[in-house]
Colleague: 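Here it is, the structure, as structure tokens.
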Protein chains: 2
Amino acid sequence: MQLSEKIKQSIRDVKDYPKPGIIFKDITPVLANPTLRKEIVQALVQQFSNQKIDAIASTEARGFIFGSILAYELGVPFILVRKAGKLPYHTKSEEYNLEYGTAKVEMHIDAVKPGWHVLVHDDLLATGGTAGATANLIQHLDGIIAGFSFIINLSFLPGAENLEKRFGIKSHFLVSY
Amino acid sequence: MQLSEKIKQSIRDVKDYPKPGIIFKDITPVLANPTLRKEIVQALVQQFSNQKIDAIASTEARGFIFGSILAYELGVPFILVRKAGKLPYHTKSEEYNLEYGTAKVEMHIDAVKPGWHVLVHDDLLATGGTAGATANLIQHLDGIIAGFSFIINLSFLPGAENLEKRFGIKSHFLVSY
């Protein structure tokens, strides 16, 4: 069976979460399956095997789960992207639009060394707001965006298009709905 | 140099975060050092090498960073412990006391299989409130606490004593302040 099929069979659809009408893609059954998790990590690594990657940047909290393993497997630094006020040291902030209102993510000012190729990883690509804000933070700190890596893409939302339009980079993902 | 010394030299003290008078132990420089990260993971695995471990449970967000790698290295399921309302499926909740007021953590009701030996991992042990609530959730779901694993212990707070009193289990950590 293809990896994408295995992932889809493992992901749990939760209806009406976080609000009525939404079907949430729950990855916790994937985390309960060590064999599948290992295949996912290998596939994520494989997608960027021809590229220079100096660090992985992921947003809290779910982005940390595979982002941290990915950085560990590649032997590169792991950069935390957190909600406003959660990082203790001096930070650079980036605001982005939500459906209603705005949100803000932050990175430590010394998290990216100038010229580093930083791969942005999160578990799910929806509108691309968080990934785009993370990419902006990397550029503000004189880093280069190595790519966008996701496990799940919601193709009925314009996340991949938005990121390509803004940064000229195609997003990589393992399954698409 | 001893691993504990290497970790201490890498951790950054941030004064007056999250509030005046507190010196915060910032682990982000550790995450920027792949060699040190690898040694930490090996040491965490080593501490429980004689014990049966069926899964790792960690609390968001910082607990996910090393907890996820630890589960990956051991080839066991990774269980998410999250703040109230953040897990999509049916959950079991546990309230615990903070300095002022209370907090609540949750686990999916199918996260622990009956009889599983679950290791609780977080980056830092302070009063043991979150780790204790996580252990309660494991027991409510008929799991067995395999142990408590931390990178940093704040020995001027009674976390290790509290956990030993409540669960009869000694906490393991790599550095103590």
Colleague: Side chain, backbone, both or neither: which part of B:K83 has a heavy atom under 4.5 Å from chain A?
Modeller: side chain
Colleague: With sequence neighbours excluded, what pairs up with A:E164 under the side chain to side chain donor-acceptor pair (under 3.5 Å) test?
Modeller: A:K170
Colleague: Do the side chains of B:V175 and B:V14 join up, straight or via other hydrophobic residues, at under 4.5 Å, putting them in one cluster?
Modeller: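 No, B:V175 does not connect to B:V14 through the hydrophobic network.
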Colleague: Tell me if the CD atom of B:Q46 is crowded by more than 12 foreign heavy atoms within 6.0 Å.
Modeller: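 No, CD of B:Q46 has 12 or fewer neighbouring heavy atoms, counting only those of other groups under 6.0 Å.
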Colleague: To the nearest 0.5 Å, tell me how far B:H108 NE2 sits from A:D26 CG.
Modeller: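 So the gap between those two atoms works out to 4.5 Å.
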Colleague: Check the hydrophobic clustering (I, L, V, M, F, W, Y; side-chain heavy atoms under 4.5 Å; chains of links allowed) and say if A:F48 and A:I152 are grouped together.
Modeller: yes
Colleague: Is the shortest heavy-atom distance from the side chain of B:R12 to the side chain of A:D110 under 4.5 Å?
Modeller: yes
Colleague: According to a hydrophobic-cluster definition based on side-chain heavy atoms being under 4.5 Å apart (Ile, Leu, Val, Met, Phe, Trp, Tyr only), do A:V118 and A:F66 belong together?
Modeller: no
Colleague: Between A:K86 and chain B, which part of the residue has a heavy atom less than 4.5 Å away: side chain, backbone, both or neither?
Modeller: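 It is both, since atoms from each part get that close.
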Colleague: Would you name the heavy atoms of A:A32 and B:P77 that are closest together and state the gap between them?
Modeller: O-CG, 3.5 Å
Colleague: At a heavy-atom distance under 4.5 Å, which candidate from B:I79, B:V41, B:N33 has the highest pair count against chain A?
Modeller: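 If we count pairs closer than 4.5 Å to chain A, B:V41 comes out on top.
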Colleague: By a 4.5 Å heavy-atom criterion (distance strictly below it), what part of B:I65 contacts chain A: side chain, backbone, both, or neither?
Modeller: both
Colleague: Which atoms form the tightest heavy-atom contact between A:Y17 and B:P88, and what is the distance?
Modeller: CD2-CB, 3.5 Å
Colleague: Checking A:D16 against chain B: side chain, backbone, both or neither under 4.5 Å from a heavy atom?
Modeller: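 Contact with chain B: none, neither part.
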Colleague: Roughly how far apart are A:L70 CG and B:I69 CD1, rounded to 0.5 Å?
Modeller: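 CD1 of B:I69 is found 10.5 Å from CG of A:L70.
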Colleague: What is the distance from atom CZ of A:F64 to atom OG of B:S68, rounded to the nearest 0.5 Å?
Modeller: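 Reported to 0.5 Å precision, the distance equals 11.5 Å.
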Colleague: To the nearest 0.5 Å, what is the distance between CG (B:L87) and CZ (A:F24)?
Modeller: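 Spacing of CG (B:L87) from CZ (A:F24) equals 8.5 Å.
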Colleague: What part of B:K38 gets within 4.5 angstrom of chain A, counting heavy atoms only: side chain, backbone, both, or neither?
Modeller: both
Colleague: Tell me whether A:F173 shares a hydrophobic cluster with A:F167, the cluster being built from Ile, Leu, Val, Met, Phe, Trp, Tyr side chains joined at under 4.5 Å.
Modeller: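 Yes; A:F167 is reachable from A:F173 via cluster members.
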Colleague: To the closest 0.5 Å, what do you measure between CG (A:L31) and OH (B:Y72)?
Modeller: 13.5 Å
Colleague: When you measure from the side chain of A:Y89 to the backbone N and O of B:T28, does any donor-acceptor pair fall under 3.5 Å?
Modeller: no
Colleague: Search all heavy atoms of B:R37 against all heavy atoms of A:A71 and return the closest pair with its distance.
Modeller: NH2-O, 3.0 Å
Colleague: Could you tell me whether B:Q2 atom CD has more than 12 heavy atoms of other residues or ligands within 6.0 Å of it?
Modeller: no
Colleague: Examine whether an atom of A:K113 lies under 4.5 Å from a heavy atom of chain B, and if so say whether it belongs to the side chain, the backbone or both; otherwise answer neither.
Modeller: neither
Colleague: Establish whether B:I53 and B:V112 are linked, either directly or via other cluster members, by ILVMFWY side-chain heavy-atom contacts under 4.5 Å.
Modeller: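 Shared cluster, no.
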